[in-house]
Each structure stands twice: as structure tokens, then as C-alpha cells.
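Worksheet: one structure, shown below.
Quick note: residue numbers are just sequence positions, from 1.
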Amino acid sequence: MPRAMPGWLPGGGQDIEAAGFSSGAALMLLHLTLQVKALPDALLRERLSLRAAQLGAAMTGRREQAAEIRDEIMLLRPGDTPGPAGALLLDWRRATSRPVRLMTRAKLPTDQAARDATPVARAAQVLEAAIAEAPKAETAALIRADAELARAMGWQHVVPILGASLSGRALRQSGADLLLRCHMAVRQGAGEAYRQAQELTRAAQALRAVAPKLRSRASAQAVEIFLSRDAVSPGGTLSGLMSDRAARRFCDRLVELGVARELTGRSTFRLYGI
């Protein structure tokens, strides 16, 4: 599997036929990558959810960066309510964490052409209907569209593709114009998901390789948490497995071994991830 999308796949500024070819090829490469056992797929979905939340916040005029949105959720105290950007991240995490078969299915047009539509066309139909029904509920509409895309591709979970790449301006399009925008967004979003999947698979393999060297009794469980979470807090995420001091030592040991990194640059309230 190549480490990047092939350079011959065209990007933006295409007609519908070229855009459809690009999005289909990108989806197929991503589909094959999602079948790789070494891929930490839950972690991939969390990373893409963070990207989708940042884009969703921008649609409402907010300018929080991914690190700020991550902090907002990771530093919440029990009983606290997240801000608008953090709430968007939680919406995406909920949508991507449960099997797509358990999500309510959006209604598609019943004509034969709609039933035979490509995955991207079906997602575009769902998106257009959802926006028409609730114009200001962009994130909910994008989640429904990505859920339809996942169903059409035979994926077990929602993968934020449209949600992590489609602009607010594109959501005001309809018909063929919206379909073109969706094809272009899928080309971009699937390409980004593919790139991150490649990186995370290599990082996960490196972490699994050093796992036997870790001496903590709870190291196996802690490693699995690192393989499924975008960010890990020693005093929060790992608190049920080991003491705060032991958790900090464990995280710092992973950094020393080169299989994890500290995400914040802070001396306190530090977060770690692979």
C-alpha cells in the first residue's frame, strides 16, 4: 500500500466526471487501508473527529484550533459543560464510536436512480435533505451524510470524511453543484484519512513492539488506551489503572522510547498521544 495518495489523482477544479473518478479512487484506497489489522481504527476516527470539530466550529465563525478543542474536552471537570467547539467534538465522537448499523438511517429518494447511486451521490442526497430540513444544523447533517457514506462503503463505523473536509459555503449548494463539491471533498477527506491511517499504523506498530519492555502491571491496558484515544491524560485517562505518579512515569517512558509524544508543550496538565 503506498504511503500517500497517488500523484496522478486530480484534486480540485474538475468537472463531475473527473471529480467522481478521483473520489472513487480515493475511497477505494481508504477502504483497503481500513481493513488492515494493524490500523488503530478507533484512534483514526478520534483524530478525524477532531478535524471535523475544528471545521464545524469555523462554520459558526469560531477560530479554535485542534489543540484548543482537545484541551477543552480533556480538561473538563465532572459536571462541567463544554463550549460550542467542544460540544461539536463530542457529537462526532459519539457518532463514530458506535456501529453505524445502530444509527437512524436517513431516507433516500425511492426512484431507481437514487437506489443505484454511488456512495458519494447517496451521501450528497442525504446531506441536501438534512440541510433543507434544518439549515443551521450543519454538524448533524454532515454526520448523517458520513453515516450514509459508511453504509454504502460497507464500513462498520462512521469515518469523518465529508465532515472533515466540506466547507460551509459548499453546504449551501444543491443538486449537481453539491454533488461536485461532495466529490471534491471526499477526494480531500479520504486522502487525509488515508495519510493519517498510514502514520497511525506505523506508530501503533512501534508502540506494540516496545510494549513487552514496559514494566508496569497495567502496561498492556494502558497501551490499548493509547491505541484508541487521540490524547491521554496521566491523571485522568489512566487514573483507573495506576497512580498519578506511575502514570506520568509511564507516559514519559513512552516518550523516551520514541513511541509517544507530549501534545501540549506544557509543564503541567500534559497530554500524550502516539
Side-chain angles (χ1 to χ4, degrees), residues 5 11-13 19 22-23 26-27 30 41-74 82-97 100 103 106 119-120 123-124 126-150 153 155 157-174 177-197 199-200 229-231 263 273:
M5 282 284 172
S22 293
S23 66
L27 280 174
L30 177 59
D41 55 327
L43 173 54
L44 174 65
R45 295 194 302 273
E46 283 218 348
R47 287 281 166 87
L48 294 174
S49 292
L50 183 59
R51 183 180 176 92
Q54 182 181 355
L55 186 58
M59 289 183 190
T60 64
R62 308 186 68 85
R63 291 292 179 263
E64 285 96 335
Q65 298 301 303
E68 296 173 294
I69 300 174
R70 176 192 286 132
D71 270 359
E72 185 178 338
I73 295 303
M74 295 299 296
L88 292 178
L89 177 55
L90 292 181
D91 286 344
W92 277 106
R93 284 187 176 179
R94 280 191 290 267
T96 60
S97 63
V100 70
M103 299 178 67
V120 178
V126 168
L127 182 60
E128 183 171 357
I131 290 294
E133 181 181 327
K136 294 184 178 181
E138 293 96 343
T139 293
L142 287 164
I143 287 173
R144 290 169 65 181
D146 270 326
E148 187 60 36
L149 183 64
M153 292 298 298
W155 297 341
H157 294 84
V158 174
V159 180
I161 301 296
L162 290 167
S165 56
L166 201 61
S167 70
R169 181 177 298 179
L171 294 181
R172 305 310 166 201
Q173 304 292 324
S174 61
D177 291 332
L178 177 60
L179 178 58
L180 175 59
R181 295 280 187 168
C182 285
H183 277 305
M184 295 168 66
V186 166
R187 165 63 180 88
Q188 177 186 345
E192 175 62 20
Y194 181 86
R195 183 191 67 78
Q196 290 206 33
E199 290 183 358
L200 291 176
R229 299 293 298 273
D230 165 58
L263 301 174

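Residues Leu89 and Arg70 have side chains not in contact (no heavy-atom distance under 4.5 Å, counting atoms from C-beta outward). Taking 4.5 Å as the limit, some side-chain heavy atom of Val120 sits within range of a side-chain heavy atom of Leu27. Taking the side chain as every heavy atom from C-beta outward, Leu171 and Met59 approach each other to under 4.5 Å.
Of all the heavy atoms in Leu178 and Ala124, the pair that sits closest is CD2-O, 3.7 Å. When every heavy atom of Gly86 is checked against every heavy atom of Ile73, the shortest pair comes out as O-CD1, 3.4 Å. What you find for Thr139 and Trp92 is that their closest heavy atoms are CG2-NE1, 3.6 Å. Nearest heavy-atom pair across Val158 and Ala150 is CA-CB, 4.1 Å. Between Pro135 and Arg172, the shortest heavy-atom distance links the atoms O-NH1, 3.2 Å. Nearest approach of Ala19 to Leu180, heavy atoms of both residues: CB-CD1, 3.6 Å.
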Passes salt bridge (charged side-chain N to carboxylate O under 4.0 Å, His left out), Glu199 versus Arg195? Steps please.
CA-CA 6 Å; Glu199 290 183 358; Arg195 183 191 67 78; 2.7 Å; yes

Take Thr96 and Leu48, measure what side-chain contact (heavy atoms from CB on, under 4.5 Å) needs, and give me the verdict at the end.
CA-CA 10 Å; Thr96 60; Leu48 294 174; over 6 Å; no

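With rounding to the nearest 0.5 angstrom, the CG atom of Leu88 is 7.5 Å from the CD1 atom of Ile69. Taken from CG in Leu179 to CE in Met184, the straight-line distance is 11.5 Å, to the nearest 0.5 Å. Between atom CH2 of residue Trp155 and atom CG of residue Asp41 there is a gap of 12.0 Å, rounded to the nearest 0.5 Å. Within the model, atoms SG of Cys182 and CD1 of Ile161 stand 12.5 Å from one another, a figure rounded to the nearest 0.5 Å. Put simply, CD on Gln196 and CG on Leu44 are 6.5 Å apart, with the number rounded to the nearest 0.5 Å. In this structure, OG on Ser49 lies 8.5 Å from CD1 on Ile143, to the nearest 0.5 angstrom.
Checking each of Gln65, Arg63, Arg62 against Gln54 for a side chain to side chain donor-acceptor pair (under 3.5 Å) leaves exactly one that passes, namely Gln65. Put simply, the residue from Arg45, Arg51, Arg47 that forms a salt bridge (charged side-chain N to carboxylate O under 4.0 Å, His left out) with Asp230 is Arg47.
Remark: side-chain polar atoms of Asp146 are not paired, donor with acceptor, to backbone N or O of Pro160 under 3.5 angstrom. Between the Glu72 side chain and the Gly83 main chain, a donor and an acceptor come within less than 3.5 Å of each other.
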